[in-house]
Amino acid sequence: MKAITFRHSDKLPIEFYRQKNVCTIARALIGKVLVSVFNNIEAAGRIVETEAYNGAIDKASHAWGGRRTNRTEIMYAAGGVAYVYLCYGIHHLFNVVTNEKDTPHAILIRGIEPLIGIDHMLQRTGKLRLDNTLTRGPGNVSKALGIYTQHTGLSLLDDELYIADDGFRIKPSQIIATPRIGVDYAGKDALLPYRFIVKDNPYVSGKKS
DNA sequence: CTGACGATTCACT
DNA sequence: GTGAATCGTCAGC
């Protein structure tokens, strides 16, 4: 594995996160690199699975109906910050807040392919060997990168947690849209094709191929 | 203050 | 396929 360190200039610019269409951003994030640098430990992986949450009009979103609570307040911030919340009392799920201030769009990062700091990821997750379960599924992604609810509100333009474009391109034909996972409660909104995945990638959650 | 439950994962049958 | 883990959040009293 080639050791790469991403330069500041590789970071996605603020304009990327401020785009109006959350699905466009979710699709564009596929193939980008999610980087965390906590306690001087760098870990990074290529994003292979995302889910868009379309604000107040999306029943699957925490901000459905304009719901505004202490937890979801950060979703109403201007795009380009992290929203991390605890699920089932165990899992910390990492989301990217997008669009302008007061439009609560967010994108859940559900799967990445490890690139850098794999030893640290193994240590954080308590796993012994690299396999496709290390960073498959949103809970595992956060665990491997050391992301916790306390990181909510971090700017993605800062140096601790950010997303970079290293020039790698996934063929558009390999990126497919499907319904989201675990949102059956959302009625017809559960059927929307707001989940984007890399076809046949082993780090995409769901049934094995 | 209390109780119900979740954008999940993993071990076990 | 089923169920437990485990706790912050939120609605309701």
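Convention: sequence-line order gives letters A, B, ...; per-chain numbering from 1.
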Return yes when atom CD of A:Gln174 has more than 12 non-hydrogen atoms of other residues, nucleotides or ligands closer than 6.0 Å, and no otherwise.
-> yes
Grab the [atom1]-[atom2] distance between [X] and [N] for me, whole Å please.
| X | N | atom1 | atom2 | result |
| --- | --- | --- | --- | --- |
| A:Leu191 | B:dA7 | CG | P | 17 Å |
| A:Tyr85 | B:dA7 | OH | P | 5 Å |
| A:Tyr83 | C:dT9 | OH | C1' | 10 Å |
| A:Asn70 | C:dC10 | CG | P | 7 Å |
| A:Trp64 | B:dG6 | CH2 | P | 14 Å |
| A:Asp189 | B:dA7 | CG | C1' | 13 Å |
| A:Leu134 | B:dC10 | CG | C1' | 15 Å |
| A:Met75 | C:dC10 | CE | P | 12 Å |

Looking for any heavy atom pair under 4.0 Å, which part of the strands does A:Arg180 touch: base, sugar-phosphate only, or nothing?
->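 No contact.
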What nucleic acid atoms does A:Asn140 come within less than 4.0 Å of, heavy atoms only: base, sugar-phosphate, or nothing?
-> sugar-phosphate
All N/O contacts under 3.5 Å from nucleotides 11-13 of chain C to the protein, with atom names and distances to one decimal?
from   : atom 1 : to      : atom 2 : distance (Å)
C:dA11 : OP1    : A:Arg67 : NE     : 3.3

Does a donor on one side chain sit under 3.5 Å from an acceptor on the other, for [X] and [Y]?
| X | Y | result |
| --- | --- | --- |
| A:Tyr53 | A:Glu51 | yes |
| A:Thr152 | A:Thr149 | no |
| A:Ser205 | A:Arg110 | yes |

Stepwise side chain to side chain contact (heavy atoms under 4.5 Å, CB included) check, A:Thr135 with A:Asn140 = CA-CA 5 Å; A:Thr135 52; A:Asn140 292 328; 5.5 Å; no
Check the phosphate of [N] against [X], side-chain N and O only, distance under 4.0 Å to OP1 or OP2. Yes or no?
| X | N | answer |
| --- | --- | --- |
| A:Lys127 | B:dC10 | yes |
| A:Tyr185 | B:dC5 | no |
| A:Arg110 | B:dT8 | yes |

Starting at the 5' end of DNA chain B, write a dot or bracket for each base, bracketing those in Watson-Crick or G-U wobble pairs whose two distances are under 3.5 Å and using | for partners on another strand.
-> ||||||.|||||.
Testing A:His151, A:His62, A:Glu73 for side chain to side chain donor-acceptor pair (under 3.5 Å) with A:Tyr83, which one passes?
->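 Looking at A:His151, A:His62, A:Glu73, the match for A:Tyr83 under the side chain to side chain donor-acceptor pair (under 3.5 Å) is A:His62.
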With side chain to side chain donor-acceptor pair (under 3.5 Å) as the test, would you mind laying out the steps for A:Glu113 and A:Asn201 before giving the verdict?
-> CA-CA 9 Å; A:Glu113 185 178 312; A:Asn201 187 289; 3.0 Å; yes
If you pin A:Thr133 and A:Gly182 to their nearest nucleotides in DNA chain B, which one's is more 5'?
->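 Looking at the nearest nucleotide for each, A:Gly182 comes out on the 5' side.
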Between B:dA4 and C:dA4 - P atom distance, rounded Å =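 One P to the other, the span is 16 Å.
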If you measure from the P atom in C:dG3 to the same atom in B:dC5, how many Å do you get, rounded?
-> 16 Å
Below 4.0 angstrom, N of the basic side chain to O of the carboxylate: do A:Arg68 and A:Asp102 qualify?
-> yes
Anything under 3.5 Å between a protein N or O and an N or O of nucleotides 2-8 of chain C, put it in a table, one pair a line.
from  : atom 1 : to      : atom 2 : distance (Å)
C:dT6 : O2     : A:Tyr88 : O      : 2.5

